[in-house]
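Notes follow the structure.
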Protein chains: 2
Amino acid sequence: MEKINAIAALSALGQETRLDVFRMLMRAGPGGVAAGDLAERLGVRSNTLSTHLAVLVRAGLIASEREGRTILYRADFDGTRALIGFLVGDCCADRPELCAPFITGLSGALPAKAGS
Amino acid sequence: MEKINAIAALSALGQETRLDVFRMLMRAGPGGVAAGDLAERLGVRSNTLSTHLAVLVRAGLIASEREGRTILYRADFDGTRALIGFLVGDCCADRPELCAPFITGLSGALPAKAGS
DNA sequence: TTATCTTTTCCATGATTCGAGAATTATCGA
DNA sequence: TCGATAATTCTCGAATCATGGAAAAGATAA
């Protein structure tokens, strides 16, 4: 991931409504959620949400697909992984030994309720 | 990490100068870099840099310590790990199986030139 | 104390962002 | 085609942010 893409992704997530959208879509899984449902669940006007969704799409964090009259939004897992990879990898490029704790300690960040 | 802290950290990094500062400090390692050196290396006025540094400190991504006349800034590894933990963990809280690929695929993001 | 160096704070300005109303586009059913 | 539904685009006011000049604050040395 290029720096400019990382900036787009980070600033996209650095806004409450957009972070809420992203987390909701991550939780919703590959099935995605319609724009209208997102607006209702989050209590945001549809036009406002639409601009936020466009920002997230441009940032490569979510993707959209028309489903009849509605438009489904789903999290873009590749884009998300690329962002995390940028944070973990590129930011420590010259000192991989400093990044080891990030990875080894990461399992602790997971709820780990899915046995093993 | 609370959502509000994550927003602060993400928006802090979603700005080119601050991302540059953060990456430079990550590369510099625990020794840190003086504010003046950062300003010179990045070609940013000292007062402008100072405000950016304050934002990063508030976000918990870097820390400062006075060293005689100068002030050393260094990356806050715990804060950084908390942010990555938030992205990997909290955003996938209900679906750890979706987050597995983040972790398993993460080693690929590292240069991995430090043998072992 | 005085001079100097380093960094921060204050303040003003220009640019960007957010949110909302209104209008527009796209799709489906009758 | 017409009407209804769903989402986006347009536009603007308010708020926030980035930047830099000037001044202030903290620390060292003479």
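In what follows, chains are A, B, ... by sequence order, proteins preceding strands, each numbered from 1.
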Length of the [atom1]-[atom2] vector between [X] and [N], whole Å:
X	N	atom1	atom2	result
B/Leu38	C/dT8	CG	C1'	15 Å
A/Leu49	C/dA20	CG	P	11 Å
A/Arg58	C/dT16	CZ	C1'	13 Å
A/Asp20	C/dC18	CG	P	14 Å
B/Glu16	C/dA15	CD	C1'	16 Å

Approximate separation, where rounding is to 0.5 Å, of [X] [atom1] and [Y] [atom2]:
X	Y	atom1	atom2	result
A/Lys3	B/Glu16	NZ	CD	4.0 Å
A/Leu19	A/His52	CG	NE2	11.5 Å
B/Leu49	B/Asn47	CG	CG	9.0 Å

Among A/Val55, A/Val33, A/Thr80, A/Leu25, which residue satisfies the side-chain contact (heavy atoms from CB on, under 4.5 Å) criterion with A/Ile62?
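Result: among A/Val55, A/Val33, A/Thr80, A/Leu25, A/Leu25 is the only option passing the side-chain contact (heavy atoms from CB on, under 4.5 Å) with A/Ile62.
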Heavy atoms only, 4.0 Å cut-off, all strands: where does B/Ala34 land among base, sugar-phosphate and nothing?
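If one applies the 4.0 Å heavy-atom cut-off, B/Ala34 turns out to touch the sugar-phosphate alone, with no base involved.
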Kindly say whether [Y] contributes a backbone atom to a donor-acceptor pair with the side chain of [X] at under 3.5 angstrom?
X	Y	value
B/Arg18	B/Leu13	no
B/Glu2	B/Ile4	no
B/Thr48	B/Val44	no

In residues 61-76 of chain A, which ones come under 4.0 Å of DNA chain D, going by heavy atoms?
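Contacting residues: A/Arg69, A/Thr70, A/Ile71, A/Tyr73.
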Go through the structure and list residues passing side chain to side chain donor-acceptor pair (under 3.5 Å) with A/Glu67, not counting sequence neighbours.
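Not a single residue meets the side chain to side chain donor-acceptor pair (under 3.5 Å) criterion with A/Glu67.
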Report, one pair per line, the protein and nucleotides 15-21 of chain D atoms (nitrogen or oxygen only) whose separation is under 3.5 Å.
| residue | atom | partner | partner atom | Å |
| --- | --- | --- | --- | --- |
| D/dA18 | OP1 | B/Arg18 | NH1 | 3.1 |
| D/dA18 | OP1 | B/Arg18 | NH2 | 2.9 |
| D/dA18 | OP2 | B/Arg18 | NH1 | 3.3 |
| D/dT19 | OP2 | B/His52 | NE2 | 2.5 |
| D/dG20 | OP2 | B/Thr48 | OG1 | 3.4 |
| D/dG20 | N7 | B/Asn47 | ND2 | 3.4 |
| D/dG20 | N7 | B/Thr48 | OG1 | 3.4 |
| D/dG21 | OP2 | B/Arg45 | NH1 | 3.0 |
| D/dG21 | N7 | B/Asn47 | ND2 | 2.7 |
| D/dG21 | O6 | B/Asn47 | ND2 | 2.8 |

